[in-house]
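Note sheet for the following structure.
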Amino acid sequence: MTTDAIVTEIEARPSWDEYFMDIARAVATRATCSRRAVGAVIVKDKRILSTGYNGAPVGLRHCDHTDGGDMIGGHCARSTHAEQNAIVQAARHGTSIEGATMYCTDHPCLSCAKLLINAGVRRVVYGQAYPDDLAVGLFREAGVELDRIAERAPSAGAR
């Protein structure tokens, strides 16, 4: 391998934000809601504390949106959000997420924003926008940093 090839490979290495967003996207593949697949990863000091994906509560049947089933007002009424599940998993295992960063494939809704603020999350990095000005306003008021990161193209040297 030439020096130029090594430099190119290192330059193609993902940033920490890209790395954890890639993991959030992988977590989303476990979602059990047929309406939308969302993944979340809670990180502190470059260490994963918890993950979550959206879907029905543990042990219950998966969401079914056939002919509008499980839907109320255009939203799945059966599914717990990925952010909520990540927070619950941390709490269930006694892991503090105060001061952490949440990586989420989608911008958190108002309910999730309130939970993240109360849990002490200091930064939220998200992929897809979600039109919720109230959530954005609460994050700003609470001093929670919001960053959007676009999906990155695979590097030429990816294996």
Apply the hydrophobic cluster definition, ILVMFWY joined by side-chain contacts under 4.5 Å directly or through others, and give me every member besides Leu134.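 When side chains under 4.5 Å apart are linked, the cluster holding Leu134 also contains Ile42, Leu49, Ile87, Ile97, Met102, Leu110, Leu115, Leu116, Ile117, Val121, Val124, Tyr126, Val136, Leu138, Phe139, Val144, Leu146.
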Restricting to ring-ring contact (aromatic ring centres under 6.0 Å, His included), what partner residues turn up for Phe20, sequence neighbours left out?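 Checked Phe20 against ring-ring contact (aromatic ring centres under 6.0 Å, His included); matches are Trp16, Tyr103.
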Counting N and O atoms only, with roles assigned by atom type, does the side chain of [X] sit under 3.5 Å from a partner on the main chain of [Y], one being a donor and the other an acceptor?
X      : Y      : value
Thr105 : Arg25  : no
Asp147 : Val125 : no
Asn54  : Arg36  : yes

Value rounded to 0.5 Å, distance of [atom1] in [X] from [atom2] in [Y]:
X      : Y      : atom1 : atom2 : result
Thr32  : Tyr53  : OG1   : OH    : 6.5 Å
Thr95  : Ile48  : OG1   : CD1   : 12.5 Å
Tyr130 : Cys104 : OH    : SG    : 11.5 Å
Arg13  : Glu18  : CZ    : CD    : 11.5 Å
His107 : Cys112 : NE2   : SG    : 11.0 Å
Arg148 : Met21  : CZ    : CE    : 9.5 Å

Minimum heavy-atom distance between [X] and [Y], given as atom pair plus value:
X      : Y      : answer
Gln84  : Ser111 : NE2-CB, 4.3 Å
Ala28  : Ala37  : O-CB, 3.5 Å
Gly52  : Asn85  : CA-CB, 4.1 Å
Ala135 : Pro108 : CB-O, 3.7 Å

Side-chain touch Thr51/Gln89, heavy atoms, less than 4.5 angstrom: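 They are not in contact (no side-chain heavy atoms under 4.5 Å apart), so the answer is no.
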Given side chains that start at C-beta, do those of His81 and Cys109 come closer than 4.5 Å, heavy atoms only?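 When only atoms from C-beta onward are counted, Cys109 and His81 do touch, with a gap below 4.5 Å.
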